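A quick note: this is a predicted structure, and the numbers were derived from the prediction, not measured. The sequence lines fix the lettering, A, B, ..., with proteins before strands; numbering per chain opens at 1.
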2 protein chains.
Amino acid sequence: MARNVKNIKELAALIGISATTVSRVLNGKAELYRISPATSKKVLNAANEFSYYPDRIARGLRLKRTETLGLIIPDIANPFFASIAKTIEFETRRNGYSLILGDSLDDIQTETELLNLFAGRKVDGIILAPVGHSSAHIEEFQKRGIPVMVIDRYLPGTKIPFITTDNYAGAFEAVEYMISKGHRVIACIQGLKGISVNTDRVQGYRDALEKNNITVDNHMILGNDFGVENGYIQTQILMSREKMPTAILALSNLISIGVMRALSEKNLSIPDDVSIVSFDDQPYSAFLASPMTTVEQLKEEIARIAVNGLLAWIRTGKIDQQIDKMLKPKLIFRKSVKTINV
Amino acid sequence: MARNVKNIKELAALIGISATTVSRVLNGKAELYRISPATSKKVLNAANEFSYYPDRIARGLRLKRTETLGLIIPDIANPFFASIAKTIEFETRRNGYSLILGDSLDDIQTETELLNLFAGRKVDGIILAPVGHSSAHIEEFQKRGIPVMVIDRYLPGTKIPFITTDNYAGAFEAVEYMISKGHRVIACIQGLKGISVNTDRVQGYRDALEKNNITVDNHMILGNDFGVENGYIQTQILMSREKMPTAILALSNLISIGVMRALSEKNLSIPDDVSIVSFDDQPYSAFLASPMTTVEQLKEEIARIAVNGLLAWIRTGKIDQQIDKMLKPKLIFRKSVKTINV
DNA sequence: TCAAAATGCACAAACGATTGTGCAAAAAAT
DNA sequence: ATTTTTTGCACAATCGTTTGTGCATTTTGA
């Protein structure tokens, strides 16, 4: 027995009561509408016995609120984003919301499509790790009234709130460390030019060099993509030059995988032939041929702040502009940087 | 100008036409209902100009179909599942559906909650990488009429369709390979006992040994979890024994990370001191201290078949029982297995 | 004892889309 | 010049909730 009941009317009929009352009891508004305790109890019992769950779709339509968040990231297979996604999903659910996932494939066109798609699905808010340069489509979107929280980057010139890592500090520290180990010719393989993550890291790299009276050689800053392929190609270019760097700062975990691939093909080893520091610590970082010194970002923290900030925004209807945050990263020392003669 | 329009009525009013007609044009039923080409064109233009997107919630309510799929996996931060999730998201979207993500945290209670949650959200179907032993909650769920497709495992004794790797073959080949390299004492660090993935791999391990006239030593099969910690602990146990194995078969990528951690703490190196083959190839596998020989699963393939099979099921209303598949994995040879004296 | 206040619940509209059916006007057939 | 058929579209109901309002009935107060 105890068959399932398909909607609130059916349940109401079973108790011999109106749907209105059932709805009110189930939404905790019994007192507010003076439903007697006896009736309340009957409703609760029946709902339980016949395992009635309100249809969230109908509810969403009526309430104009779906209790759903959208998450758009450039690549869920990238462990950096996968970790963030995990915490975001957890926090989202803990707050009674569900999460729609969109992988923008590092493509701004896809990102835009996803934004529109999510708008059509009436998500209550969106967490976005943006890709590419333009932020017009995001701003335009913001105007439609759907809260958007940016993670991993910030969008200069916009009012879109963000949570990210203090990338400048991360790069600065990493480079100072390499310099302290005697390195003077340090290359920087960067990701997508022009976006804040990259700009800030490169600036940290530059400033660390200059602070130590090392002239910045623009030929040593190269690449334009956060992926493996870019790390691979740029390393090949670097290694074919007369003036080879003694150290490389890789601006993402994927780039450093490309670096490793290129180096191993040339039978060059880390750190004997080239030293390296990579952004993004990973579970495997410690077990690489040469355990990798990395700049660790506080991924869980970013995720948590993003979700809770977004939900607060949704509930109150206004942005807490205080939310903008740049979390200090942490340099994890391992064995991929060699001390060389000064 | 070109302000956005908020619903179909508003758009219809703007053209001076009924919502009915707008709906029909937008759903490609213009001909069916004899809407004149002129009117059709006007609708299409207006919809475009005012960037009207139908409210999927209202649509879902009326159609009793949300064009949403649910994905439940044990750990999105595990690169194996992250890769699968990426392809699933892509295929899902390519078919006009959206994806709700749930991370079951390797916990059967959470998995059950997610199933119910997704049911309440009226997903059209669910792709599930189940955790734990019991499958009663899944079967019960199936009866509620929501199609569920299982990946990564199968559920013996149920009719729930699945796509998985031929884990038996993968383990068998891996072990035969190690034997061919002269290994006779091979340990197997397993994941969760009793679930098909694990059972099949262990059986493959056993059969490969027996086929080669090596008696299976049950002490060499240990562990009970697919995570890093288990790999770490079991390796410590193995290494503290009198009779140490010369090779280890790690039944997951996470387990092998644990193995590496334990070995490196004891200053043991791969493959000089211990050889290892791990399930699940990863982007970093080639760049580990010792490039890892792995059993690669066809993750994209699994994802693609799962999504398309599920969608077919949703559309036709019946399961194609032919869909059950065990995809042959591929052994990738690197340098984590040493040839030893026979 | 009678008016006023409190109690307990139900009616019906609304959210935004889709669709079976019906009804004019125009075109074709006789 | 009628009748019949076709064309082109609109009305209104429906999906399952939630909620403003209203109406009996009971309780309280004087």
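- Rounding to whole angstrom units, CZ of residue Arg59(A) and P of dG16(C) are separated by 17 Å.
- Counting only distance, with no hydrogens or angles, the side chain of Arg93(B) and the backbone of Gly102(A) share no donor-acceptor pair below 3.5 Å.
- Under the rule for a side chain to side chain contact (heavy atoms under 4.5 Å, CB included), the partners of Ala82(B) that lie at least two apart in sequence or sit in another chain are Ala82(A).
- Here dG16(D) presents its P atom at 16 Å from CG of Leu26(A), a figure rounded to the nearest Å.
- Counting non-hydrogen atoms under 4.0 angstrom, Arg62(B) reaches a base of the nucleic acid.
- Proximity of Tyr52(A) to the phosphate of dT17(D): a side-chain N or O atom is located under 4.0 Å from OP1 or OP2.
- Evaluated for a side chain to side chain contact (heavy atoms under 4.5 Å, CB included) with Tyr97(A), the options Val307(A), Thr68(A), Asp124(A) yield exactly one hit, Asp124(A).
- If you find the closest nucleotide of DNA chain D to Leu63(B) and to Arg65(A), the one lying nearer the 5' end belongs to Leu63(B).
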Show me the protein contacts with nucleotides 8-12 of chain D, counting only N or O atoms at under 3.5 Å.
| residue | atom | partner | partner atom | Å |
| --- | --- | --- | --- | --- |
| dG8(D) | N7 | Arg34(B) | NE | 3.2 |
| dG8(D) | N7 | Arg34(B) | NH2 | 3.1 |
| dG8(D) | O6 | Arg34(B) | NH2 | 3.1 |
| dC9(D) | OP1 | Thr39(B) | OG1 | 2.4 |
| dC9(D) | OP2 | Ser36(B) | N | 2.7 |
| dC9(D) | OP2 | Ser36(B) | OG | 3.2 |
| dC9(D) | OP2 | Thr39(B) | OG1 | 3.1 |
| dA10(D) | OP1 | Ser18(B) | N | 3.2 |
| dA10(D) | OP2 | Ser18(B) | N | 2.8 |
| dA10(D) | OP2 | Ser18(B) | OG | 2.7 |
| dA10(D) | OP2 | Thr21(B) | OG1 | 2.8 |
| dA10(D) | N6 | Arg24(B) | NH1 | 2.6 |
| dC11(D) | N4 | Thr20(B) | OG1 | 2.8 |
| dA12(D) | N6 | Thr20(B) | OG1 | 3.4 |

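- Residue Asn27(B) places at least one side-chain N or O closer than 4.0 Å to OP1 or OP2 of dT18(C).
- Considering only side-chain N and O atoms, Lys9(A) lies nowhere under 4.0 angstrom from the phosphate OP1 or OP2 of dC15(D).
- Between the CG atom of Leu32(A) and the C1' atom of dC9(C) there is a distance of 14 Å, rounded to whole Å.
- Contact annotation: Lys64(A) side-chain N/O to dG16(C) OP1/OP2 distance is under 4.0 Å.
- When heavy atoms are screened at a 4.0 angstrom cut-off, Leu61(A) is found touching base atoms of the nucleic acid.
- Salt bridge status for Glu67(B) with Arg59(B): present, with a side-chain N to carboxylate O gap under 4.0 Å.
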